[in-house]
Amino acid sequence: MSTIAVYPGSFDPITLGHIDIAARAARLFSELHIVVVHNPSKQPRFSSEERVELIRASIAELGIGANTKIVVDTLDSGLLVDYCRMVGATALVKGFRTTMDLDYELPMAQVNRDLASVESVFIPADPIHGHISSSLVKQVADLNGDVLKYVPQVVARALASSSANRKAKN
Ligand code: PNS
């Protein structure tokens, strides 16, 4: 049976924590769409296109999802459940690090089920990634810290050049 799932997020940028969730989700579903969603409450560092490219390059670098079709896509407007309907996905994948993450996610999971019977599958973060977030990684990179423990090499390079550009502008 074909089981299609969508793993949505801002991915600004993708971290090793996200990659771990995607790799584990890829073992549960026959097709996984990693979708860069426009979040109006956030001011992204990287454009949607850059984030998609970084996700594709990270997957190539780390070689995840060998037996699963992985699609990387964007959703700039509209409901996530409409994207799910469009691609035939019956599940949304969400990683969670803490119960605070779950408190934030639970109402969204309930609304998505109400709207389109799309179920949410919550995957607990591996404790080695439990403290990683895209915003902390950006902060560490901007302050010249080493982010290679937290992100794929291709993302570390993109962060270094974005931090240098920001400093040159200020
Ligand atoms: O990585 P983020 O920023 O925490 O991801 C949040 C995201 C993109 C998953 C969330 O904002 C979302 O689900 N947006 C989709 C918009 C939508 O369909 N909203 C209505 C039902 S919750």
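Computed over heavy atoms, backbone and side chain alike; hydrogens, waters and symmetry mates excluded. Counting starts at 1 for both ligands and their atoms, following the listed order.
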Exercise. To which residues is Phe96 joined in a hydrophobic cluster, defined by side-chain heavy-atom contacts under 4.5 Å among Ile, Leu, Val, Met, Phe, Trp and Tyr, whether direct or through other members?
Worked result: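 Cluster partners of Phe96: Leu102, Phe122.
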For this session: Supply the members, apart from Met108, of the Ile/Leu/Val/Met/Phe/Trp/Tyr cluster built from side-chain contacts under 4.5 Å; use none for a lone residue.
Result: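 Its cluster mates, by chain and number, are Tyr104.
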Pairs under 3.5 Å, N/O atoms on ligand 1 and on the protein: can you put them in a table with the distances?
from     : atom 1 : to    : atom 2 : distance (Å)
ligand 1 : 1 (O)  : Ser10 : N      : 2.9
ligand 1 : 3 (O)  : Ser10 : OG     : 2.5
ligand 1 : 3 (O)  : Asn39 : ND2    : 3.1
ligand 1 : 3 (O)  : Lys42 : NZ     : 2.6
ligand 1 : 18 (O) : Leu80 : N      : 2.9

Problem set entry | Any donor-acceptor N/O pair, Ser30 side chain to Thr3 backbone, under 3.5 Å |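 The answer is yes, because a donor-acceptor pair under 3.5 Å joins these two groups.
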Exercise. Do Asp142 and Arg45 meet the salt-bridge criterion of a basic N to acidic O distance under 4.0 Å?
Worked result: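 A salt bridge is present here (some side-chain N lies under 4.0 Å from a carboxylate O).
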Problem set entry | Ser10 vs Asp12, side chain to side chain donor-acceptor pair (under 3.5 Å): CA-CA, chis, key distance, verdict | CA-CA 5 Å; Ser10 297; Asp12 184 45; over 6 Å; no
Under 3.5 Å donor-acceptor pairs involving side-chain atoms of residues 77-84, not counting sequence neighbours:
from  : atom 1 : to    : atom 2 : distance (Å)
Asp82 : OD1    : Arg85 : NH1    : 2.7
Tyr83 : OH     : His33 : ND1    : 2.9
Tyr83 : OH     : Asp73 : OD2    : 2.7

